[in-house]
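For this chain, numbers begin at 1 and follow the sequence in order.
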Amino acid sequence: MIFVTGGAGFIGANFVHSWLSRHDEPVLVLDALTYAGNLESLADLRADPRLDFERVDICERAAVQDLLGRHQPRALVHFAAESHVDRSIDGPGAFIRTNVQGTFELLEAARAYHAGLQPARAAAFRFLHVSTDEVYGSLGPQDAPFRETTPYAPNSPYAASKAASDHLVRAWHHTYGLPVLTTNCSNNYGPYQFPEKLIPLMIHHALAGKPLPVYGDGANVRDWLYVEDHCRAIEQVLARGEPGSSYNVGGHNEVRNIDLVRRLCGLLDELRPRADGQGYAAQIAFVADRPGHDRRYAIDGARIQRELGWAPRVDFAEGLRRTVCWYLEHQDWTAHVLSGSYREASLR
């Protein structure tokens with residue numbers, strides 16, 4: 001069995017789907033079901049006996065230790081995090097609690113569990129921490145992409161909280177010998193993403209006839225990674241990564257925000273044209289930039305490709321089309337999130 005924290009969130013839920021599609025090994029999802037945790041994202045796995053769920057806050061160390069002791073997992077994959085930059089600017093405290101304190105409590109629970117394992121099982125155990133490229137700060141137009149050796153320079157409360165958690169994970173390996181792995185990924189996109197994030201937000205606003213808000217001049221650049229590719233990378237790191245190491249995971253798709261929004265508009269023009277015959281690009285509206293907005297992110301994924309043989313398979317055009325089609329076909333999922341009814345969902 002493996003544990004997946006935050007398994008009802010965007011990337012976590014996609015990972016659970018990906019894992020169970022390729023492995024017989026059971027998964028226990030640990031999730032506090034804060035606003036971004038959505039059990040409807042796992043609803044199609046409700047009858048799968050390999051999936052179990054515990055509603056637990058990772059800050060509750062005793063509860064996590066109890067679950068570790070009872071289920072004896074061979075690995076813990078840690079997705080649970082507050083992740084929306086705008087929310088971190090408005091209320092950083094929740095990010096410090098979940099991302100920093102929560103990771104600390106989880107590490108301590110895992111350390112106690114690991115210390116009690118028999119030598120062979122202890123040697124095989126892994127704690128995989130999923131992080132972000134935002135810990136590295138912002139790149140200039142001509143700067144080389146982020147590497148694992150790039151100095152940390154977080155610029156938002158969210159990025160700072162993830163940087164702190166990365167440092168804790170590293171320290172628990174070097175001080176206590178906990179067999180940890182860290183991945184730092186670029187911007188993910190795909191199914192089940194909470195509609196406050198750029199791509200699902202634009203799709204929803206476009207269909208609702210609302211303005212499509214683009215920060216500043218729209219020239220901020222992000223490296224986009226299809227979530228299915230990210231899940232494969234995490235599996236590879238979990239299976240073959242060197243304990244104590246970090247691996248950067250990128251999509252090799254650097255795109256300006258304004259160009260991404262225009263591409264989304266073009267896909268919607270094709271797949272769900274407006275009744276009045278106009279293009280969705282007419283709804284684009286530039287808005288005041290957010291504080292401390294990083295200009296460019298880009299990932300150098302040479303290490304994970306060289307050492308573990310991973311590279312993204314889904315090119316951006318295909319991934320974006322898949323994503324738009326998924327949201328068009330699952331407007332009820334988005335509607336339940338926006339109405340709040342998703343909070344009433346259960347797995348059993």
How far apart are the closest heavy atoms of [X] and [Y], and which atoms are they?
X: Tyr152; Y: Asn184; answer: OH-ND2, 3.9 Å
X: Ala8; Y: Asp31; answer: N-OD2, 3.0 Å
X: Ala122; Y: Pro179; answer: O-CG, 4.2 Å
X: Leu271; Y: Cys325; answer: CD1-SG, 3.9 Å
X: Pro312; Y: Gly251; answer: CG-O, 4.0 Å
X: Ala109; Y: Val64; answer: CB-CG1, 3.8 Å

For Phe194 and Tyr35, run ring-ring contact (aromatic ring centres under 6.0 Å, His included): C-alpha distance rounded to whole Å, both residues' side-chain angles, the deciding distance at 0.1 Å, then the answer. CA-CA 9 Å; Phe194 200 81; Tyr35 79 94; 5.1 Å; yes
Atom [atom1] of [X] and atom [atom2] of [Y]: how far apart are they, to the nearest 0.5 Å?
X: Lys210; Y: His204; atom1: NZ; atom2: NE2; value: 5.0 Å
X: Leu264; Y: Leu212; atom1: CG; atom2: CG; value: 9.0 Å
X: Asn187; Y: Arg222; atom1: CG; atom2: CZ; value: 6.0 Å
X: Asp48; Y: Leu20; atom1: CG; atom2: CG; value: 5.5 Å
X: Cys185; Y: Ile299; atom1: SG; atom2: CD1; value: 7.5 Å
X: His293; Y: Arg295; atom1: NE2; atom2: CZ; value: 8.5 Å

Are any of the side-chain heavy atoms of [X] and [Y] separated by less than 4.5 Å?
X: Val77; Y: Leu238; result: yes
X: Ser131; Y: Val135; result: yes
X: Val100; Y: Phe104; result: no
X: Asp133; Y: Val249; result: no
X: Leu39; Y: Phe53; result: yes
X: Gln305; Y: Trp310; result: no
X: Trp333; Y: Ser41; result: yes
X: Lys197; Y: Ser83; result: yes

Determine, stepwise, if the pair Asp289 / Asn220 fulfils side-chain hydrogen bond (donor to acceptor under 3.5 Å, both in side chains). CA-CA 10 Å; Asp289 210 352; Asn220 301 76; 4.8 Å; no
Looking only at the side chains, is there a donor atom on one of [X] and [Y] sitting less than 3.5 Å from an acceptor on the other?
X: Asp294; Y: Asn155; result: yes
X: Ser246; Y: Arg170; result: no
X: Arg274; Y: Gln283; result: yes
X: Tyr297; Y: Glu134; result: yes
X: His252; Y: Asp223; result: no
X: His336; Y: Asn38; result: no
X: Asn99; Y: Tyr158; result: no

Ion pair [X]/[Y], N-O distance below 4.0 Å:
X: Glu228; Y: Arg232; value: no
X: Glu307; Y: Arg240; value: no
X: Asp229; Y: Arg313; value: no
X: Arg97; Y: Asp57; value: yes
X: Arg22; Y: Glu235; value: yes
X: Glu318; Y: Arg321; value: no

Given the rule in the side chain to side chain contact (heavy atoms under 4.5 Å, CB included) test, do Ile304 and Asn248 qualify, once you have shown the distances and angles that lead to the verdict? CA-CA 7 Å; Ile304 192 171; Asn248 282 354; over 6 Å; no
Decide yes or no on salt bridge (charged side-chain N to carboxylate O under 4.0 Å, His left out) for Asp217 and Arg256, but give the supporting numbers first. CA-CA 10 Å; Asp217 60 4; Arg256 297 190 312 164; over 6 Å; no
Should Phe15 and His230 be marked as a ring-ring contact (aromatic ring centres under 6.0 Å, His included) after you check the CA-CA gap, both sets of side-chain angles, and the distance that decides it? CA-CA 8 Å; Phe15 179 79; His230 186 198; 8.8 Å; no
Residue of the set Val27, Leu28, Leu128 for which side chain to side chain contact (heavy atoms under 4.5 Å, CB included) holds with Ile2: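 Among Val27, Leu28, Leu128, the one meeting side chain to side chain contact (heavy atoms under 4.5 Å, CB included) with Ile2 is Val27.
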Just do the side-chain hydrogen bond (donor to acceptor under 3.5 Å, both in side chains) check on Glu254 and Trp224 with the steps written out, would you? CA-CA 7 Å; Glu254 288 190 57; Trp224 291 94; over 6 Å; no
Hydrophobic clusters here meaning ILVMFWY residues chained together by side-chain heavy-atom distances under 4.5 Å, can you tell me if Val314 and Leu198 are in one?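 Same cluster: Val314 reaches Leu198 through Ile, Leu, Val, Met, Phe, Trp or Tyr contacts under 4.5 Å.
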Do you reckon Phe127 sits in the same ILVMFWY cluster as Leu30, going by side-chain contacts under 4.5 Å, direct or chained?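 As far as the 4.5 Å side-chain criterion goes, Leu30 and Phe127 are connected within one cluster.
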Go through the steps to decide whether His78 and Phe3 satisfy the test side chain to side chain contact (heavy atoms under 4.5 Å, CB included), and finish with yes or no. CA-CA 8 Å; His78 177 32; Phe3 278 16; over 6 Å; no
Report the C-alpha separation of Val214 and Ile284 in whole Å, then their side-chain angles, then the decisive distance to 0.1 Å, and conclude whether the side chain to side chain contact (heavy atoms under 4.5 Å, CB included) test is met. CA-CA 7 Å; Val214 177; Ile284 293 173; 4.0 Å; yes
Could you walk me through whether Thr183 and His129 pass the side-chain hydrogen bond (donor to acceptor under 3.5 Å, both in side chains) check? CA-CA 6 Å; Thr183 57; His129 172 61; over 6 Å; no
Give me each pair satisfying salt bridge (Lys or Arg N to Asp or Glu O under 4.0 Å) with a member in residues 77-89, each pair once, sequence neighbours excluded. Asp86-Arg290, Arg87-Glu196
Please determine whether side chain to side chain contact (heavy atoms under 4.5 Å, CB included) holds for the pair Tyr327 and Tyr192, giving the CA-CA distance in whole Å, both sets of side-chain angles, and the decisive distance to 0.1 Å. CA-CA 8 Å; Tyr327 283 100; Tyr192 303 115; 5.7 Å; no
Candidate pair Tyr113 and Phe125, rule ring-ring contact (aromatic ring centres under 6.0 Å, His included), full reasoning: CA-CA 10 Å; Tyr113 168 68; Phe125 179 76; 5.5 Å; yes
Output field: ring centroids Tyr226/Phe316 closer than 6.0 Å: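 Ring centres of Phe316 and Tyr226 not closer than 6.0 Å.
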Take His17 and Asp44, measure what side-chain hydrogen bond (donor to acceptor under 3.5 Å, both in side chains) needs, and give me the verdict at the end. CA-CA 9 Å; His17 280 90; Asp44 58 333; 2.7 Å; yes
